[in-house]
Amino acid sequence: MKNLKHALGVLCAGLASHASALATYSPGPSYSVGVPSSSSISQSSAGGIYFQLSAPTSYQWVGLGIGSQMTGASMFVMYADGAGNVTISARNGGAGHAEPQQSASLQSGVTLLAGSGIVNGRMIANVYCTTCKLGSSKTSTSSPWICAWNQGSALNSASTSVTIAQHGLNSMRQFTFDLTSAALSTDSNPFVSSTSSTGTGTASGSSPTSTGESGDDGSSGDSGSSGNSGATVVGPSFKAITDYETAHGVIMGATMVLLLPLGAMFMRLGASVYLHGAWQLFALCAMLCGFGLGIKLAQMRNLLFNTTHTIFGTVIIGLFLLQPIFGLMHHLQYRKTSSRTPVSLIHIWYGRALIVCGIINGGLGLQLAGNSTGGMIGYGVVAGVVGALYLVLVVFKRKGGDKIDHGRRSGLRRKIGGA
């Protein structure tokens with residue numbers, strides 16, 4: 001009889017464990033997902049799914065998204081509502097790489113369940129969604145998800161459309177859930193031991209009755225802090241992304257703001273045309289190296305040709321490849337006429353315009369990378385100082401240009417006469 005009771009106990013425990021099976025990922029905040037076996041959710045149809053977001057109150061907001069990237073993802077953002085509870089905001093990822101906007105249609109099927117709130121210094125959102133679709137089948141072993149977060153002072157808002165600050169580069173992840181490990185045998189709240197599946201939340205996404213107290217079984221309602229289970233990080237490492245971003249930014253910034261303008265200044269200072277040509281060719285090679293790093297970085301971050309910076313940058317690089325041709329034509333014509341020709345003006349003004357466009361695109365790149373305000377100010381100051389110095393040299397050259405050009409032409413005539 002004892003053995004029979006023991007066997008029944010083990011069987012019941014196994015069934016209970018299966019009933020509350022969850023896939024969990026904890027990169028800092030914690031995310032857990034459970035899919036009822038009776039749910040109709042799939043890649044093409046909406047259905048019921050349970051998920052939990054959990055993080056310390058030092059986080060300003062925490063987000064979870066269904067999809068492999070921000071573009072087109074269904075996103076859910078949790079933040080403090082200022083009354084001891086949390087708000088869950090359902091948003092659409094849109095075109096990506098911009099603040100996701102609140103989606104009324106997605107929000108209509110979102111309910112906060114019991115156990116949600118500010119619990120022991122942690123924000124917890126236990127969520128049931130009936131308007132969600134997956135990026136895979138509900139039995140997929142590699143269902144695509146994304147997450148992001150931002151630390152800072154609490155938003156303290158019950159509005160589901162409140163503006164949220166952009167997360168940092170290292171504050172987001174792409175990963176997959178093995179949904180076979182997240183199968184729920186019953187369609188009920190898996191995050192506390194005894195609640196109904198509809199919980200106490202409202203369509204607005206803020207739970208009016210949750211006070212952050214423990215669940216009925218004395219637990220905090222936070223099931224996402226025990227580590228990873230059924231989750232796999234995908235995509236490049238974030239250290240690799242950061243390294244590529246730094247290398248691309250330094251090389252392209254130095255080329256556009258320093259190397260190319262200095263090469264142009266050499267001619268204003270009376271340097272040899274050969275030094276000018278060699279310097280600018282070196283700058284062009286550096287630019288192509290930076291461009292190659294940028295292409296790789298854009299592929300790693302799914303930004304290739306879908307942002308202004310990457311499209312504008314590619315066009316600028318292509319146009320820069322014509323500049324050496326104009327420079328050679330200008331040099332050959334000047335040797336014959338000892339004066340500027342129409343191709344000379346094209347070479348000069350074409351180059352100036354491209355440098356200005358390159359500097360502007362560098363600023364767009366800093367913005368895209370989420371650079372600090374101080375970093376962007378520093379970039380602008382250096383570009384401004386170099387630009388002002390170049391303008392001074394241009395004005396000085398214009399004032400003394402006739403004398404200089406006359407002297408060069410006289411010297412050339414003497415060389416020809418003495419030959």
Side-chain angles (χ1 to χ4, degrees), residues 24-32 51-67 69-70 73-94 96-103 106-107 110 112-113 115-127 129 145-175 191 201-202 204-208 210-212 220-225 238 241-242 301 366-376:
T24 301
Y25 178 52
S26 303
S30 291
Y31 307 93
S32 297
F51 53 87
Q52 181 190 78
L53 295 80
S54 173
T57 52
S58 58
Y59 286 74
Q60 186 178 70
W61 60 263
V62 172
L64 177 66
I66 304 175
Q69 58 182 339
M70 187 174 175
S74 297
M75 309 184 75
F76 304 89
V77 184
M78 173 188 70
Y79 41 88
D81 73 350
N85 301 317
V86 294
T87 298
I88 189 75
S89 172
R91 304 190 177 208
N92 191 299
H97 310 293
E99 181 184 0
Q101 299 301 306
Q102 199 265 347
S103 171
L106 186 60
Q107 189 79 48
V110 173
L112 273 181
L113 304 176
S116 301
I118 309 296
V119 182
N120 298 326
R122 295 184 68 86
M123 296 185 293
I124 298 174
N126 297 329
V127 183
C129 178
W145 294 69
I146 57 174
C147 63
W149 58 88
N150 192 59
Q151 292 185 307
S153 56
L155 291 178
N156 291 332
S157 175
S159 170
T160 56
S161 58
V162 68
T163 298
I164 59 174
Q166 184 179 20
H167 61 79
L169 177 62
N170 289 324
S171 299
M172 54 89 70
R173 297 289 187 274
Q174 294 171 289
F175 63 100
F191 307 112
T202 66
S204 68
S206 188
S207 173
S210 173
T211 60
S220 68
D222 176 10
S223 65
S225 60
F238 286 84
I241 290 178
T242 302
R301 294 191 60 192
L366 291 175
Q367 187 178 45
L368 182 63
N371 205 285
S372 66
T373 302
M376 289 188 278

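Here, residue 1 is the first one in the sequence, and each next residue gets the next number. Atoms considered below: every heavy atom in the structure, side chains included; atoms not considered: hydrogens, waters and symmetry mates.
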Closest approach of [X] to [Y] (non-hydrogen atoms, all atoms of both residues):
X      : Y      : result
Met75  : Gly93  : SD-CA, 3.8 Å
Leu106 : Ser74  : CD2-CB, 3.9 Å
Pro56  : Met123 : O-CE, 3.9 Å
Ala73  : Ile146 : CB-CD1, 4.1 Å
Ser26  : Thr24  : OG-CG2, 3.9 Å
Ile88  : Leu53  : CD1-CD1, 4.2 Å

Which residues satisfy the side chain to side chain donor-acceptor pair (under 3.5 Å) test with [X], sequence neighbours excluded?
X      : answer
Trp145 : Ser143
Thr57  : none
Ser157 : none

Between [X] and [Y] (side chain of the first, backbone of the second, donor and acceptor by atom type, cut-off under 3.5 Å), is there such a pair?
X      : Y      : answer
Gln107 : Ala90  : yes
Trp61  : Ala148 : no
Thr160 : Ser89  : no

By side-chain contact (heavy atoms from CB on, under 4.5 Å), which residues pair with Ala55, not counting sequence neighbours?
Pro29, Tyr59, Val62
Among residues at least two apart in sequence or on other chains, which ones pass side-chain contact (heavy atoms from CB on, under 4.5 Å) with Gln101?
Glu99
Close side-chain approach of [X] to [Y], heavy-atom, < 4.5 Å:
X      : Y      : value
Ile124 : Gln52  : yes
Leu64  : Val127 : no
Leu112 : Val86  : yes
Ser103 : Arg91  : no
Trp149 : Met78  : no

Here's a test for you: under side-chain hydrogen bond (donor to acceptor under 3.5 Å, both in side chains), which of Gln60, Gln166, His167 qualifies with Asn150?
Gln60
Could you tell me which residues satisfy ring-ring contact (aromatic ring centres under 6.0 Å, His included) with Tyr79, sequence neighbours excluded, listed by chain and number?
none
The criterion is disulfide (SG to SG under 2.5 Å); which residues satisfy it with Cys129, sequence neighbours excluded?
Cys132
Can you tell me how far the OH atom of Tyr25 sits from the OG atom of Ser32, to the nearest 0.5 Å?
13.0 Å
